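Computation of the quantities below employed the complete heavy-atom set of this structure, encompassing side-chain atoms and omitting hydrogens, waters and symmetry-equivalent molecules. Please read all numbers here as calculations on a predicted model, not as lab measurements. The sequence lines fix the lettering, A, B, ..., with proteins before strands; numbering per chain opens at 1.
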Number of protein chains: 2
Amino acid sequence: MGKTVSKAKIFKKPGHDHGRCIKSALDMAQSLCAARGARLTELRRRVLELVWASHRPIGAYDLLDKLKAERHNAAPPTVYRALEFLIELGLVHRIESLNAYMGCSGPDAGHSSQFLICRDCGSAAEINDARIDAAINNLSQDAGFSVHHHSIEVEGRCPDCRSTR
Amino acid sequence: MGKTVSKAKIFKKPGHDHGRCIKSALDMAQSLCAARGARLTELRRRVLELVWASHRPIGAYDLLDKLKAERHNAAPPTVYRALEFLIELGLVHRIESLNAYMGCSGPDAGHSSQFLICRDCGSAAEINDARIDAAINNLSQDAGFSVHHHSIEVEGRCPDCRSTR
DNA sequence: GAATGTTATGTTATATTATAACATTTCCAT
DNA sequence: ATGGAAATGTTATAATATAACATAACATTC
Ligand SMILES: [Zn+2]
Ligand SMILES: [Zn+2]
Ligand SMILES: [Zn+2]
Ligand SMILES: [Zn+2]
């Protein structure tokens, strides 16, 4: 179909319809939980929604602040337990280098965490490149190492920030 | 020559001469600092030595405890500042997923952080595979993302732990 | 070799991130 | 409705990291 796709649109444009991103994420979460027999409670659903409020990783205590605005009794365990649940199901990834969390864009695949993270604007984009997975698996196998999961975090500048100056 | 190298010896055997690992690391640090005009003070040198005490990542506060045994006035900034210096020079890597630190086995190359980490014994092995670098760079370029550095942390089981049962 | 600026370390306090432990509530199946 | 399991509430604390300012060590120039 033509050669229109030279650069994958991995980073979302600032002006995009983010409501749809959120909606889609919540829908996927809904059906994934149903399929797994997991309970997507109001709290968990809301935390996922807050995580998805932007395309930037968000910290647990930032989430807590937002939660407190609507649940007077929210406390650290409230948000950490919800995150634990969401991560367990693959709905959220933890960004190790930032101590922050981000919604997964393809939660049904059961993949490891791979992100490009902009050091200027803080936005992050999830990637899932077969070449990288293959390279890691090959290399691990050569080393006699059995892979459980991996985390890849690439820090740099996103297309938007690069074009801005 | 020949075909002796089917499995790279990435993970060190428990019985190896670790004194040589340490010696080599300190020597490289010495010359690298000289080349860069950086001051490898007694404190920094000692922290690097402590980091290299094993092939396992070590936490800042574990380092601090060891330091305290010989420097009554060691405090968190003592170790964090030394680590900052060592990381800056590429002599130490930070393992994000563990909040821990590990000596770099090839500090002159100026590479990003790539580790295989055993979930059973806690040992970690640094890797530097050209395929992985290439995959990350290609993919980033396709996405219009300019890479500053990256961190790869693969969790799994090391050869030793696999053979043990 | 004193004066001066710079870098490194000491020192105290506090910020940030995360978990432990136990009580209570909600949910669901019987 | 009742008992057991899962989720949430609640309080306290652990673990990791940095801010801010004071002093000491080092190097450079005069
Ligand atoms: Zn994902
Ligand atoms: Zn950006
Ligand atoms: Zn290295
Ligand atoms: Zn092991």
Side-chain angles (χ1 to χ4, degrees), chain A residues 29-30 33-34 36-51 56-89 91-102 113 117 122 151 153, chain B residues 29-30 33-34 36-51 56-89 91-102 122 151 153:
Chain A
Q30 196 71 262
C33 284
R36 294 265 223 298
R39 287 167 55 188
L40 186 62
T41 63
E42 193 47 41
L43 173 62
R44 289 164 174 173
R45 185 188 157 85
R46 181 64 183 137
V47 169
L48 180 59
E49 204 171 3
L50 290 173
V51 166
R56 300 175 45 166
I58 184 171
Y61 278 76
D62 287 341
L63 284 171
L64 179 54
D65 286 344
K66 296 194 183 186
L67 259 191
K68 273 180 176 163
E70 49 202 50
R71 298 193 169 231
H72 78 285
N73 47 2
T78 313
V79 56
Y80 279 105
R81 287 195 282 227
L83 286 172
E84 182 184 33
F85 171 88
L86 295 167
I87 290 170
E88 182 73 30
L89 269 128
L91 293 166
V92 164
H93 292 290
R94 175 180 158 84
I95 311 290
E96 304 288 355
S97 60
L98 300 175
N99 294 334
Y101 304 85
M102 188 151 169
S113 175
I117 304 162
S151 147
E153 298 176 12
Chain B
Q30 197 72 262
C33 284
R36 294 265 222 296
R39 287 168 55 189
L40 186 62
T41 63
E42 194 46 41
L43 173 62
R44 290 163 173 174
R45 187 188 156 85
R46 182 63 183 136
V47 168
L48 180 59
E49 204 172 4
L50 290 174
V51 166
R56 298 174 46 165
I58 184 171
Y61 279 76
D62 288 341
L63 285 170
L64 179 53
D65 286 344
K66 296 195 184 184
L67 260 191
K68 273 179 175 164
E70 51 203 49
R71 297 193 169 230
H72 77 286
N73 48 2
T78 313
V79 56
Y80 279 105
R81 287 195 282 227
L83 286 172
E84 182 186 32
F85 171 88
L86 295 167
I87 289 169
E88 183 74 27
L89 270 128
L91 294 166
V92 164
H93 292 289
R94 174 179 159 84
I95 312 290
E96 303 289 354
S97 61
L98 299 174
N99 294 333
Y101 305 85
M102 188 147 171
S151 149
E153 298 176 12

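Here the closest non-hydrogen pair linking A74(A) and K68(A) is O-CE, 3.7 Å. Residue A100(B) comes nearest to G59(B) through the heavy atom pair CB-N, 4.1 Å, listed as atom of the first residue, atom of the second, then distance. Heavy-atom minimum distance, A29(A) versus L48(A): CB-CD2, 3.4 Å. Heavy atoms only, all atoms of each residue included: F85(A) and R39(A) are closest at CZ-O, 3.5 Å. Residue M102(A) comes nearest to R56(A) through the heavy atom pair SD-C, 4.3 Å, listed as atom of the first residue, atom of the second, then distance. A pairwise comparison of heavy atoms in Y61(B) and P76(B) identifies OH-CG, 3.6 Å as the closest pair.
Listed for the R94(B) side chain is no donor-acceptor partner under 3.5 Å among the backbone atoms of I87(B).
Distance check: E96(B) CD to N99(A) CG gives 8.0 Å after rounding to the nearest 0.5 Å. Note that the CG atom of L91(B) and the CZ atom of R45(B) stand 11.5 Å from one another [nearest 0.5 Å].
At whole-Å resolution of the value, CG in L63(A) and C1' in dA18(C) are 14 Å apart. Across the protein-nucleic acid pair, I87(A) atom CD1 and dA18(C) atom P stand 9 Å apart, rounded to whole Å.
When side chains are defined from C-beta on, L67(B) counts as touching L50(B), because their heavy atoms get closer than 4.5 Å. Proximity of L43(B) to R71(B): side-chain heavy atoms (C-beta onward) are separated by under 4.5 Å at one or more points. Contact check for L83(A) versus V51(A): side-chain heavy atoms found under the 4.5 Å cut-off.
Taking five base pairs at each end of the helix from dG1(C)-dC30(D) to dT30(C)-dA1(D), the local helix axes there meet at an angle of 30°, rounded to 10°.
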Show me the protein contacts with nucleotides 16-23 of chain D, counting only N or O atoms at under 3.5 Å.
{"residue": "dA17(D)", "atom": "OP1", "partner": "R94(B)", "partner atom": "NH1", "Å": "2.4"}
{"residue": "dA17(D)", "atom": "OP1", "partner": "R94(B)", "partner atom": "NH2", "Å": "2.9"}
{"residue": "dA17(D)", "atom": "OP2", "partner": "Y80(B)", "partner atom": "OH", "Å": "2.8"}
{"residue": "dA17(D)", "atom": "OP2", "partner": "Y101(B)", "partner atom": "OH", "Å": "3.3"}
{"residue": "dA17(D)", "atom": "O5'", "partner": "Y80(B)", "partner atom": "OH", "Å": "3.3"}
{"residue": "dA17(D)", "atom": "N7", "partner": "Y61(B)", "partner atom": "OH", "Å": "2.5"}
{"residue": "dA17(D)", "atom": "N6", "partner": "Y61(B)", "partner atom": "OH", "Å": "3.3"}

Identify the pairs formed between an N or O of the protein and an N or O of nucleotides 23-26 of chain C at a distance under 3.5 Å, and give each distance.
none

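Evaluation of the side-chain hydrogen bond (donor to acceptor under 3.5 Å, both in side chains) rule for S97(B) yields E153(B) as partners, not counting sequence neighbours.
A salt bridge is absent between E84(B) and R81(B); no separation between the charged side-chain nitrogens and carboxylate oxygens falls under 4.0 Å.
Within residues 41-51 of chain B, the residues that place at least one heavy atom under 4.0 Å from DNA chain C are, in residue-number order, T41(B), L43(B), R44(B). Taken residue by residue, residues 64-73 of chain B places heavy atoms nearer than 4.0 Å to DNA chain C at R71(B), N73(B).
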Quick one, K66(B) with I58(B), criterion side chain to side chain contact (heavy atoms under 4.5 Å, CB included). Give me CA distance, side-chain angles, the key distance, then yes/no. CA-CA 11 Å; K66(B) 296 195 184 184; I58(B) 184 171; 4.2 Å; yes

